[in-house]
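Step one of this worksheet: look at the structure below.
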Amino acid sequence: SRIYAGSGVSQTPNEIIWEKGEQENMQSQTELRNILQRIDHRGYPAYKDTRGSYDFRNYILSIDHVQGDPFASPSKVSVHVRGAAAGFPADLYQMKCRRTALEDYLLRQFGRELEKVSFKAKGSGKSGLLSVSRCGQEVLERTACQLDEKSGDLVLRFEVGFPANGRTVNSRELEKIFFEFLPQCVSRSLFYKALDEKVVKAVADLAEDQEFIRSQLKERGLVAFVADGAVLPRESGVSGRPMKGAVRFESPASLSVELELPHHGKLTGMGIRRGITLIVGGGYHGKSTLLKALELGVYSHISGDGREYVITDDTAVKIRAEDGRSIQKVDISMFISNLPNKKDTKKFCTEDASGSTSQAANVVEAMEAGTQAFLIDEDTSATNFMIRDELMQRVVNREDEPITPFIDRIEELYREYGISTVLVAGSSGSYFHKADCVIQMNQYRPVEITESAKAEAERFPMPPSQPPRQTKPQFARCVKADRAFREDRMKMKTMGRDGISINRDTIDVRYVEQLVDSEQLAALGYLLKYAQCHVFDGKKTMGQAVDYLEKLLVEKGLAAICESSYLPCGLAMPRRQEIFACVNRYRKLMI
């Protein structure tokens with residue numbers, strides 16, 4: 001939905017374009033052709049005459065923004081199809097999870113068609129480029145494709161490089177795009193009758209099954225579910241596609257759970273129960289691979305990914321050390337206190353955090369964000385934050401150590417806050433004493449060894465220690481922008497999945513590992529721009545500010561945070577947890 005400024009009236013994307021068309025006398029495709037013929041061979045700015053909406057009978061073509069130069073960012077274009085013309089049955093899009101999956105499928109289909117004709121129109125710079133959001137293995141809600149839940153109206157947003165010879169209009173080539181290439185792409189991918197009905201239904205059914213499993217996690221007291229037959233390894237470290245010939249997952253009998261899905265029917269797999277779960281095993285046996293699958297199980301995955309039925313509590317957060325990050329007034333006293341320099345750890349601040357202080361802050365910030373599960377890998381953790389062995393405790397007195405290690409708090413976190421932990425450990429056996437369940441990965445196959453691990457742990461009792469003092473983190477930080485901002489004067493760009501730059505201030509999110517798409521970063525950038533002008537007033541706490549933003553996104557969608565005259569095509573919905581993470585890493589905010 002989009003909100004007209006000051007109106008308070010919510011409208012669907014197509015309602016807006018058709019209403020706008022009635023107000024502005026929507027033009028015909030013949031008139032667009034006439035405009036293109038008139039401006040041929042003129043200076044490139046003449047392309048701005050094409051802005052507007054054009055009736056192509058089965059759909060409306062809207063030229064929303066025209067690039068100023070053939071070498072600049074491509075022009076923004078959208079296609080709007082009436083629900084009656086698109087013809088998708090209502091049961092495919094009235095449920096949110098089914099609608100998002102259908103949008104994702106249509107976007108992928110449209111993208112494949114665009115790839116066939118991209119750059120077939122010739123010219124200089126980005127001439128002839130036809131591009132749309134590149135979807136990964138996860139199914140995300142995106143601005144590139146939106147279906148209205150009531151009418152079935154469809155809008156597809158993408159980019160077109162308007163052709164030029166040098167910096168002169170080459171409208172003959174743009175005619176090819178709009179009158180030859182694009183109609184073919186639209187007709188082959190955005191109409192129900194042109195698609196395989198069984199495949200389309202299977203896409204929506206899978207999404208509903210995935211949502212059902214997610215609901216069952218809470219009912220059955222589970223943190224995660226991993227289906228038998230799942231393929232967890234990826235083909236490479238830089239690819240999300242499944243590894244060919246990989247060992248398929250098979251649940252140990254003691255952890256096996258059977259579900260009856262609405263469409264798939266019977267499905268068995270491993271249920272990871274709430275509490276403290278330890279994943280152990282030799283190197284290269286699949287410990288981190290399993291944890292990575294659980295980490296990304298907060299999202300649904302496409303059919304054929306291998307992890308379609310790997311579902312994790314959607315509040316789960318991957319916790320790691322993050323040397324060098326900024327921390328602003330975070331209460332880390334639960335883990336770090338009595339520093340030699342007398343620094344206040346109830347409102348801890350630093351521009352260059354150590355491994356232990358960064359991991360402590362990450363834990364507390366995740367608690368503030370409402371997580372119900374920590375996912376931790378020993379390999380990416382600060383050792384002194386996680387554990388202190390017996391010899392170290394004997395050499396360095398407890399009174400001289402300001403760090404209360406995570407192992408001393410892990411049971412309290414579950415007992416007092418209901419936060420489960422899934423921990424991968426490869427070198428330290430101390431966590432055997434704390435674990436409710438121990439899973440050994442052996443050649444990518446899980447085996448439950450809780451009883452034998454506990455028996456061995458009894459032979460190596462933990463040294464007696466004084467229980468850590470009870471402390472409850474305070475979440476009362478208020479956030480405000482450090483100066484008056486005008487949203488239209490704020491420059492924002494994303495750097496892949498590494499960071500966001502706002503007015504040359506970089507927010508480093510390289511280690512926020514559950515951000516899976518650069519379009520999520522783009523959405524977070526727009527969100528921060530909006531929040532600095534409208535939300536971060538110094539009165540709302542961090543939680544209240546994020547609650548407001550999350551409610552806005554749920555009710556109005558990503559359009560609510562974009563002040564431009566058109567909705568950008570390259571935004572994807574982030575989770576609440578990543579909104580918190582991004583705000584916490586923005587050094588220019590005053591907390």
Side-chain angles (χ1 to χ4, degrees), residues 3 5 64-65 67-69 71-76 143 159 322-330 349-353 358 361 365 369 477-512 515 517-542 544-546 548-550 552-553 556-591:
I3 306 302
D64 303 313
H65 173 77
Q67 64 201 92
D69 184 276
F71 299 91
S73 179
S75 300
K76 315 304 178 189
T143 56
E159 295 182 329
E322 197 173 343
D323 296 51
R325 65 153 289 192
S326 67
I327 299 173
Q328 300 183 57
K329 295 184 180 179
V330 179
C349 298
T350 181
E351 289 295 309
D352 187 18
S358 65
E365 290 168 355
R477 299 180 297 158
C478 293
V479 58
K480 64 178 179 179
D482 65 345
R483 59 184 180 274
F485 283 101
R486 277 189 56 184
E487 198 168 350
D488 58 347
R489 296 290 179 87
M490 295 170 67
K491 295 183 178 180
M492 186 273 293
K493 68 176 181 179
T494 59
M495 295 165 281
R497 286 190 290 173
D498 289 343
I500 307 164
S501 175
I502 298 180
N503 286 353
R504 298 184 180 179
D505 297 319
T506 299
I507 307 166
D508 187 349
V509 292
R510 285 175 296 167
Y511 301 119
V512 182
L515 281 171
D517 196 293
S518 61
E519 292 192 358
Q520 289 178 303
L521 269 70
L524 286 168
Y526 277 99
L527 198 69
L528 284 176
K529 285 176 61 178
Y530 177 89
Q532 287 182 90
C533 298
H534 305 289
V535 183
F536 296 153
D537 55 8
K539 299 177 182 178
K540 296 182 184 70
T541 65
M542 179 82 76
Q544 290 170 340
V546 176
Y548 179 91
L549 293 170
E550 186 180 29
L552 187 68
L553 291 177
K556 312 299 183 184
L558 289 164
I561 60 173
C562 300
E563 292 296 320
S564 61
S565 58
Y566 62 93
L567 181 58
C569 60
L571 306 181
M573 191 70 77
R575 295 191 308 155
R576 170 187 177 85
Q577 285 68 28
E578 279 67 59
I579 297 174
F580 264 98
C582 193
V583 173
N584 279 313
R585 286 160 180 77
Y586 190 13
R587 297 173 187 263
K588 288 298 179 179
L589 292 181
M590 298 175 68
I591 297 176

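Just so it is clear, the values below take in all heavy atoms, side chains as well, and ignore hydrogens, waters and symmetry mates.
Atoms CD and OH, on E322 and Y511 in that order, are 7.5 Å from each other to the nearest 0.5 Å. For the atom pair N503 CG and K529 NZ, the distance stands at 8.5 Å (nearest 0.5 Å). Interatomic distance, CD of E365 versus OG of S358, reported as 10.0 Å (0.5 Å rounding). Here the CG atom belonging to L521 is positioned 9.5 Å from the CE atom belonging to M492, to the nearest 0.5 angstrom. Remark: R587 CZ to D508 CG distance equals 8.0 Å, nearest 0.5 Å. In this structure, the separation between CZ on R510 and CE on M495 is 10.0 Å, given to the nearest 0.5 Å.
Residues E159 and K76 form a side-chain contact, since some pair of their non-hydrogen atoms from C-beta on lies under 4.5 Å apart. Residues P568 and Y526 are in side-chain contact: their nearest non-hydrogen atoms beyond the backbone lie under 4.5 Å apart. Taking the side chain as every heavy atom from C-beta outward, Q532 and I502 approach each other to under 4.5 Å.
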Given side chain to side chain contact (heavy atoms under 4.5 Å, CB included), test N584 with R477 step by step and report yes or no.
-> CA-CA 11 Å; N584 279 313; R477 299 180 297 158; 2.9 Å; yes

Side chain to side chain contact (heavy atoms under 4.5 Å, CB included) between V512 and R585, intermediate numbers included | CA-CA 10 Å; V512 182; R585 286 160 180 77; 3.7 Å; yes

Side chain to side chain contact (heavy atoms under 4.5 Å, CB included) between H534 and I561: does it pass, once the steps are laid out?
-> CA-CA 10 Å; H534 305 289; I561 60 173; over 6 Å; no

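The residues D537 and K539 are annotated as not salt-bridged, no charged nitrogen and carboxylate oxygen being separated by less than 4.0 angstrom.
The side chain to side chain donor-acceptor pair (under 3.5 Å) check on Q577 picks up nothing, with sequence neighbours excluded. Under the rule for a salt bridge (Lys or Arg N to Asp or Glu O under 4.0 Å), the partners of D69 that lie at least two apart in sequence or sit in another chain are R167. Looking at residues two or more places apart in sequence or on another chain, you find a salt bridge (Lys or Arg N to Asp or Glu O under 4.0 Å) between R576 and D547, E550. By the side chain to side chain contact (heavy atoms under 4.5 Å, CB included) test, C582 is found to be paired with I500, I507, L524, L528, residues two or more places apart in sequence or in another chain being considered. Not a single salt bridge (Lys or Arg N to Asp or Glu O under 4.0 Å) links K329 to another residue, sequence neighbours left out.
Under the 3.5 Å distance criterion, the side-chain polar atoms of T143 are matched with a main-chain donor or acceptor of L571. Side-chain atoms of Q328 come within 3.5 Å of backbone N or O of Y586 as a donor-acceptor pair. In terms of modelled atom types and a separation under 3.5 Å, the side chain of Q67 and the main chain of S75 share a donor-acceptor contact.
Among V546, L549, L552, the one residue that satisfies the side-chain contact (heavy atoms from CB on, under 4.5 Å) test with V535 is L549.
Listed here is the closest heavy atom pair of A353 and I327: CB-CD1, 3.6 Å. Taking all atoms of both residues into account, the shortest heavy-atom contact from A560 to Y530 is O-CE1, 3.7 Å. Contact detail for A523 and A572: the closest heavy-atom pair is CB-O, 3.2 Å.
Applying the side-chain hydrogen bond (donor to acceptor under 3.5 Å, both in side chains) test to pairs two or more places apart or on separate chains, none has a residue in residues 492-502.
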